[in-house]
Amino acid sequence: MKDFKGKYCVIRGDRSGVFAGILEEQEGREVILSECRRLWYWNGACSISEIAKSGVIYPEDCKFTVIIDKIKIIDVIEIIPCTKEAEKCIREVKEWKKN
């Protein structure tokens, strides 16, 4: 996984959910992501593998949270590095928030 360090990745936690961000550090199942957002709901991709490869077809229907500076996730079970195309797509999805 060290070769993923510094790359924009989609991360799946066992219970915490799905996130996208830059992988800063990893120790076992714990990771620190920067420029991170939770991928709460998506439309236009069948799996997180497809999101990491191609992004989503219907970004207007997705619920991706606000971007936060850093987060530590302690239950990681999957790390998938994103293509540049997918990263651009994920970053361009409008922030889903109450206000």
Side-chain angles (χ1 to χ4, degrees):
M1 298 297 172
K2 295 194 186 302
D3 56 329
F4 296 166
K5 189 173 180 180
K7 294 186 179 180
Y8 198 84
C9 296
V10 173
I11 308 289
R12 181 165 61 110
D14 187 34
R15 294 182 181 211
S16 60
V18 177
F19 301 83
I22 299 170
L23 181 62
E24 298 289 337
E25 297 178 33
Q26 179 189 5
E27 186 171 324
R29 294 182 62 187
E30 294 185 5
V31 298
I32 294 178
L33 297 178
S34 62
E35 299 178 35
C36 178
R37 63 195 315 195
R38 186 183 306 264
L39 309 186
W40 185 262
Y41 171 83
W42 56 86
N43 188 4
C46 293
S47 67
I48 63 172
S49 299
E50 186 175 357
I51 292 172
K53 183 176 181 181
S54 307
V56 294
I57 296 172
Y58 306 112
E60 66 280 359
D61 292 338
C62 294
K63 293 180 179 179
F64 294 176
T65 64
V66 297
I67 298 167
I68 58 172
D69 292 336
K70 287 202 188 256
I71 188 170
K72 183 177 189 176
I73 304 166
I74 61 172
D75 66 343
V76 173
I77 57 174
E78 191 170 8
I79 301 172
I80 310 169
C82 290
T83 64
K84 291 293 182 190
E85 171 189 10
E87 177 182 354
K88 182 178 186 303
C89 180
I90 293 166
R91 288 182 181 274
E92 289 179 351
V93 170
K94 183 180 174 185
E95 289 184 341
W96 176 57
K97 58 185 179 179
K98 289 288 184 187
N99 300 346

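Numbering starts at 1 and runs along the sequence shown.
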So do the side chains of [X] and [Y] get within less than 4.5 Å of each other, counting heavy atoms only?
X	Y	result
Tyr8	Ile90	yes
Lys7	Leu23	no
Ile77	Arg29	yes
Gln26	Phe4	no

Contacts of Glu60 meeting side chain to side chain contact (heavy atoms under 4.5 Å, CB included) (sequence neighbours excluded), chain-then-number -> Tyr58
When Val56, Ile57, Asp61 are each screened for side chain to side chain contact (heavy atoms under 4.5 Å, CB included) with Pro59, the one that passes is Val56
For [X] and [Y], work out which heavy atoms get closest and say how close.
X	Y	result
Arg37	Val66	CB-O, 3.6 Å
Gly55	Ala45	O-CB, 3.8 Å
Lys70	Glu24	NZ-CG, 4.0 Å
Pro81	Cys9	CA-SG, 3.7 Å

Sequence neighbours left out, cut at 3.5 Å: what donor-acceptor pairs do the side chains of residues 15-22 make with other protein atoms?
{"unit_1": "Ser16", "atom_1": "OG", "unit_2": "Asp75", "atom_2": "OD1", "d": "2.7"}

Distance (rounded to the nearest 0.5 Å) between [X] [atom1] and [Y] [atom2]:
X	Y	atom1	atom2	answer
Ile80	Lys53	CD1	NZ	12.0 Å
Leu33	Ile11	CG	CD1	5.0 Å
Ile32	Ile73	CD1	CD1	10.0 Å

Would the distance check show the side chain of Glu95 and the main-chain N or O of Ile67 forming a donor-acceptor pair, the cut-off being under 3.5 Å?
yes
When you measure from the side chain of Arg12 to the backbone of Glu78, do you find a donor-acceptor pair of N or O atoms at a distance under 3.5 Å? no
For Tyr41, the other hydrophobic cluster members (4.5 Å side-chain criterion, sorted by chain and number) are Trp40, Trp96
| ILVMFWY cluster, Phe64 and Ile71 together (side-chain gap under 4.5 Å) | no
Let me check something: do Val10 and Ile68 share a hydrophobic cluster, defined by ILVMFWY side-chain heavy atoms less than 4.5 Å apart, either directly or through other members? no
